[in-house]
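Here is the structure we will look at, set down as structure tokens.
This structure is a prediction, so every number in the text was calculated from the model and none was measured.
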Amino acid sequence: MSTPYPFTAIVGQDDLRLGLLLNAVSPAVGGVLVRGEKGTAKSTAVRALAALMPEVSVVPGCRFSCDPVTPDPACPDGPHEAGGGVSRAARTVELPVGASEDRLVGALDIERALSEGVKAFEPGLLADAHRGILYVDEVNLLHDHLVDLLLDAAAMGASYVEREGVSVRHAARFLLVGTMNPEEGELRPQLLDRFGLTVEVAASRDTDQRVEVVRRRLAYDDDPAGFAARWADEERELRDRIASARALLPHVVLGDGVLRQIAATCAAFEVDGMRADIVMARTATALAAWAGREDVLAEDVRRAALLALPHRRRRNPFDAPGLDEDKLDDTLRDAARDEGEGDNDPDPDGPGDGGGGGGGVPPQSDGPEGPAGADTPDRAPSGDSDAPGQGQGQGRTSGGEQQPVRAAEPFRTKMLSVPGLGEGAAGRRSRARTEHGRTTGARRPQGALTKLHLAATVQAAAPHQRARGRSGRGLVVRRDDLRQATREGREGNLVLFVVDASGSMAARQRMSAVKGAVMSLLLDAYQRRDKVGLITFRGKDAEVVLPPTSSVDAAAARLESLPTGGRTPLGAGLLKAHDVLRVERLRDPSRRPLLLVVTDGRATGGPDPLALAARAGRLHAAEGTASVVVDCESGIVRLGLAAQLARDLGGSAVTLDELRADTIVGLVKDVSAAGRAA
């Protein structure tokens, strides 16, 4: 077994270390979600935490790690008699992104359950993680139904496996840690809320700190055992401190004044539900125990708020998580004044606070720098505008380029879907064969049986009962009789936006409406679990502003900063989209694309630009790409070019007004049929 990197050797990342340590002191806090860019020691810190966890005593031979003092009466390996146990190190169990449901919760032998009435159960990762750590790297890429199962088990402390009325339950209490890179997509707000704490991590911009990180990592790689030995004393001290804090935790007093501060803070920041209040109370108690105190102070409440509230403040996927610390201080000060406890006002600049950093962690280095601001791609000014009269004097820069305008208020759009039946990743857009959904038929299982079709299984077994010597009431079932249920649900698609950013779109009110429509479609894509990509065209060429990604908020950020101006290379935009889709089909053949072209249909620049756009559109139609053209043409005189483009694409056209859910009717059509008819 390889030697893990020592927890105390991690440089900086104070918030990350504090969040993990608080959960080690009090698992009731509810786990921690670590958000940050790649290469910031997220996985290293989680794996290193296992060495600091106290040993656990388990019933010998129990696959579910029952406590010998209070064994689980419903344990599938039980019943156990209370008595002596054996000690072992706490486990860190990693859940792979591609794990199946059976691997997570366990598998039940349906054949034996039907024919013998025996609950033959093979434990999953939730059983392995009981009384230890369950680590999910890239939790934002985990399938939604697995995340639901995982968080339900974490909330209830138990896992349930149901197969056609046969049920198995076992205890599943663990410290849940998830890591994610927000650039690859966000978790749903309701799932974010199920994590007790969240911390943001970023690489330090301090040269000395970065040098120390590299120095320690190279030393560890050269001699892992020797490097760990040099940090053994610090590891032992931290392990003892965790044990002491755990022993002190039941004696910590959470006064009414502190509870009022917690409630006032959650109310002031308008967090939904009561989970935030409970998590803050548990976190503040753990902070007091970590500091060696039996009383919870206002500074504990402040630090608990910075860890427990930022991810609960998001109202939509385009909101950045965070907390206004000035508002937090004012709220705590007002609550303390109401209770006559003004002397306990938090001091943001006071010792040991560090502005919400990892106070209480053995000092090693300065805290990490905050995340750098989002980069905005550089764009050179385009050539002459094909609508020189639009937007003049309203933010025009040199070269005819318009400064970015803000998007109009998003609205609810009608669902656009890909026709036919797919087999892509689970989502909420287009019809697909999935593991979850309504049952549509039965087939012989290919591999392990996951969803039994009971009627089809009985029908297959019935003709053979006499030959198999059936004598009692039970049905004699063989493996060849088992039938897998085929189910139909919804899949997520690749929604590729091709947005006209030329001069013909440059009128500020018009471009604001266009951005609002695209933002609305992006919000819809987020809710339906799609990947998204963004291509813009203006000037002389088209640009992939955002390659296909699950990070819908990244697409929204690119859209907000999008300038306009120049000619309209519509054909170049469609050809660029064709190249992107060709590559994506090779990467993920099962994910079907939906092309959304946002334009007024005009094409300028180069020889015969309209003919080039038509040929590019027919290229998409020939490959059966589902497409919708959002017609942005305005004014009294309309040329109808967007509708012609939709016919070339073999898709549908809809105006900005018709895009709204309450006005659009019958937009989604069979692309192949529409294309052939055109």
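- Minimum interatomic distance between L570 and A603 (heavy atoms only, all atoms of both residues): CB-CB, 3.9 Å.
- Qualifying salt bridge (Lys or Arg N to Asp or Glu O under 4.0 Å) partners for R528, counting only residues two or more places apart in sequence or in other chains: D524.
- Atom-to-atom distance recorded for L581:CG and L494:CG is 6.0 Å, nearest 0.5 angstrom.
- Applying the side-chain contact (heavy atoms from CB on, under 4.5 Å) criterion to L612, with sequence neighbours excluded, gives L575, R615.
- By the salt bridge (Lys or Arg N to Asp or Glu O under 4.0 Å) test, E560 pairs with no residue at all, sequence neighbours left out.
- Smallest separation of non-hydrogen atoms from G617 and L574: N-CD1, 4.1 Å.
- In terms of the ring pair (Phe, Tyr, Trp, His ring centres under 6.0 Å) criterion, residue partners of F64 (sequence neighbours excluded) are, by chain and number, H170.
- The shortest heavy-atom contact between A614 and D648 is CB-OD2, 3.4 Å.
- The side-chain hydrogen bond (donor to acceptor under 3.5 Å, both in side chains) search around D152 returns R194, not counting sequence neighbours.
- Listed for the R444 side chain is a donor-acceptor partner under 3.5 Å among the backbone atoms of D480.
- Remark: A485 pairs with T439, K451, H453, R487 by the side-chain contact (heavy atoms from CB on, under 4.5 Å) rule, at least two apart or across chains.
- A side chain to side chain donor-acceptor pair (under 3.5 Å) with E491 is found for exactly one of R429, R592, R433, namely R592.
- Heavy-atom minimum distance, L649 versus S627: CB-OG, 3.4 Å.
- Of all the heavy atoms in L596 and L521, the pair that sits closest is CD1-CD1, 4.0 Å.
- The CG atom of N493 sits 12.5 Å away from the CG atom of L595 when rounded to the nearest 0.5 Å.
- For the atom pair CZ of F537 and OG1 of T568, the computed distance is 7.0 Å after rounding to the nearest 0.5 Å.
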